[in-house]
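Taking it in order: structure first as structure tokens, then the write-up.
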Amino acid sequence: MIVEDEGVCMKKALITGITGQDGSYLAELLLAKGYEIHGLIRRASTFNTDRIDHLYKDFHDPKARVYLHYGDLAISGQLTDLLQEVRPDEIYHLGAQSHVRVSFDMPEYTGDVTGLGTIRLLEAIRKTGIEARFYQASSSEMFGAAPPPQSETTPFQPQSPYAAAKVYAYYVIRNYRDAYQLFAANGILFNHESPRRGETFVTRKITRAAARIKLGLQEKLYLGNLEAKRDWGFAGDYVEAMWLILQQDNPDDYVIATGETHSVREFAEKVFAKLGLDYQKYVLIDPRYFRPTEVDVLLGDSTKARKVLHWRPKVGFDQLIDMMVAADLETAEKEKTLVDAGYACGSTRVI
């Protein structure tokens, strides 16, 4: 629904997972384009909105354009009520249990939220009858053991409960698109990182640990499979592709990737080298971080997105590392200041 705000047409967008890395960058992008933003967040006893605090204004403020709603992807009735209330023009479904290794420990929960959460939203659209365009955050993990490069025509071979749940969500998007003529599209995004990446994801785990080791706040970094290769891009570039996918005349599915692959070992080596350190002196292997079934190589072919969406990544691999190292070094320096002043710091845990 388009609303009038002082004579300006303003689109409404609903973002699930708005407090995550992608949600925060997407909210920034949409605000810059004049959208009113509604975000779905889970109720918790502590605030977990730090990635979007700089965007939020109290809803009493007449200039407020970001509104947060408590909800849960596991509760269908709540989702239906929210869509009826907000009536968004676009829905960006980014919310999920998105940690691959954790999905082996919590397979049922991952299937419920990551897989069934998508169909609950689709059903909410169908039942309310709203004309919202729907973006599904599909994942390169769906390709799993499929040989690289992987494109829109590559068969899926998921190697984790997370990947299997995403495959389910991918196909129900296509089914509802055909069955009910919904504007529903999949963005199959390969790995995308940033300084806002969660601390348990391997890239951020490496940059954070290397910065703390550099300043004497940490001694070792424990990792799993160093030979796994991934196609890493910048999250800020990838949310632009999400928006472009929903601006097309017809819904479709797109691979979003850089077309380069690098190993975890190479990532760690470059990060430590930028800080004047030899990663081999600090990185140890812990088998507990191995996946029961590994994905060896992910390398995306985004030819279709480049031709149809006119999208291409702006931030390269080395620039991404520079960005993440600089941010984590700044954070570590603040932590060291507190430690040197005699204050215990809560971020000394090693993950």
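This one's a predicted model, so the numbers in the text were calculated from it and none came from an experiment. FYI, the numbering just counts along the sequence from 1.
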Handout entry: Audit row: M324, L320, side-chain contact (heavy atoms from CB on, under 4.5 Å) steps and yes/no
Key = CA-CA 6 Å; M324 295 179 68; L320 174 63; 4.0 Å; yes

Below 4.5 Å, heavy atoms only, C-beta onward: do [X] and [Y] meet side chain to side chain?
X: L30; Y: E36; value: no
X: L122; Y: V172; value: yes
X: Q247; Y: E90; value: yes
X: W232; Y: H262; value: yes
X: D286; Y: L223; value: no
X: T207; Y: F267; value: yes
X: K334; Y: L338; value: no
X: Y92; Y: T16; value: no

Exercise for the section: Please lay out, stage by stage, how N186 and S138 fare under the test side-chain hydrogen bond (donor to acceptor under 3.5 Å, both in side chains). Expected result: CA-CA 6 Å; N186 286 290; S138 290; 2.8 Å; yes

[X] side-chain N/O to [Y] backbone N/O, donor-acceptor pair under 3.5 Å:
X: Y35; Y: A32; value: no
X: Q78; Y: D72; value: yes
X: E335; Y: T331; value: no
X: E294; Y: F290; value: no
X: K166; Y: A137; value: yes
X: Q218; Y: K220; value: yes
X: D89; Y: K12; value: yes
X: Q136; Y: A185; value: no
X: R120; Y: L73; value: yes

Handout entry: I18 and its side chain to side chain contact (heavy atoms under 4.5 Å, CB included) partner, picked from L55, L94, L40, L68
Key = L68

Charged N-O contact under 4.0 Å between [X] and [Y]:
X: E266; Y: R230; result: no
X: R126; Y: E123; result: yes
X: E193; Y: R204; result: no
X: R51; Y: D22; result: no
X: E199; Y: R208; result: yes
X: K304; Y: D252; result: yes
X: R196; Y: E28; result: yes
X: D296; Y: K229; result: no

For residues [X] and [Y]: do they belong to one hydrophobic cluster (side chain heavy atoms under 4.5 Å, members Ile, Leu, Val, Met, Phe, Trp, Tyr)?
X: I245; Y: I15; value: yes
X: L189; Y: V100; value: no
X: Y168; Y: V102; value: yes

Practice task
Before giving the answer on side-chain hydrogen bond (donor to acceptor under 3.5 Å, both in side chains), spell out for Q21 and S194 the whole-Å C-alpha distance, their side-chain angles and the decisive distance to 0.1 Å.
Solution key: CA-CA 8 Å; Q21 170 191 251; S194 76; 2.8 Å; yes

Which atoms form the tightest heavy-atom contact between [X] and [Y], and what is the distance?
X: A257; Y: S302; value: O-OG, 3.1 Å
X: T154; Y: A146; value: CG2-CB, 3.7 Å
X: P147; Y: Q157; value: CD-NE2, 4.4 Å
X: I256; Y: A305; value: CD1-CB, 3.6 Å
X: L26; Y: M242; value: CD2-SD, 4.4 Å
X: A235; Y: Y25; value: CB-CD1, 3.9 Å

Check residues 271-279 and write down every donor-acceptor pair under 3.5 Å in which the side-chain atom is one partner and the other belongs to a residue at least two apart or another chain.
residue : atom : partner : partner atom : Å
K274    : NZ   : D322    : OD1          : 2.8
D278    : OD1  : Q280    : N            : 3.1
Y279    : OH   : R265    : NH1          : 3.1

Practice task
Could you work out the complete set of other residues in the hydrophobic cluster of V167, with links drawn between I, L, V, M, F, W and Y side chains under 4.5 Å apart?
Solution key: M142, F143, F156, Y170, Y171, I188, F190, V255, V295, L298

Practice task
Report the distance from atom CD1 of I130 to atom OG1 of T80, rounding to the nearest 0.5 Å.
Solution key: 9.5 Å

Exercise for the section: Any chance you could measure R133, atom CZ, to Q248, atom CD, to the nearest 0.5 Å? Expected result: 8.5 Å

Handout entry: Candidate pair Q97 and T114, rule side-chain hydrogen bond (donor to acceptor under 3.5 Å, both in side chains), full reasoning
Key = CA-CA 6 Å; Q97 191 302 100; T114 305; 5.5 Å; no

Problem - Set of ring pair (Phe, Tyr, Trp, His ring centres under 6.0 Å) partners for H192, sequence neighbours left out - result: Y238

Handout entry: Partners meeting ring pair (Phe, Tyr, Trp, His ring centres under 6.0 Å) with F183 (sequence neighbours left out)
Key = none

Practice task
Begin with the C-alpha distance, continue with both residues' side-chain angles, and end with the deciding distance and a verdict on side-chain hydrogen bond (donor to acceptor under 3.5 Å, both in side chains) for T258 and D231.
Solution key: CA-CA 6 Å; T258 69; D231 184 330; 2.4 Å; yes

Practice task
Please find out if less than 6.0 Å separates the ring center of Y135 from that of Y254.
Solution key: no

Problem - Non-neighbouring partners of D249 that pass side chain to side chain donor-acceptor pair (under 3.5 Å), sequence neighbours left out - result: none

Exercise for the section: Would you verify whether the NZ or CZ of K205 falls within 45 degrees of the ring axis of Y289 while also being under 6.0 Å from that six-membered ring's centre? Expected result: yes

Completion exercise
residues 99-131 vs ring pair (Phe, Tyr, Trp, His ring centres under 6.0 Å), sequence neighbours excluded, gives H99-F201

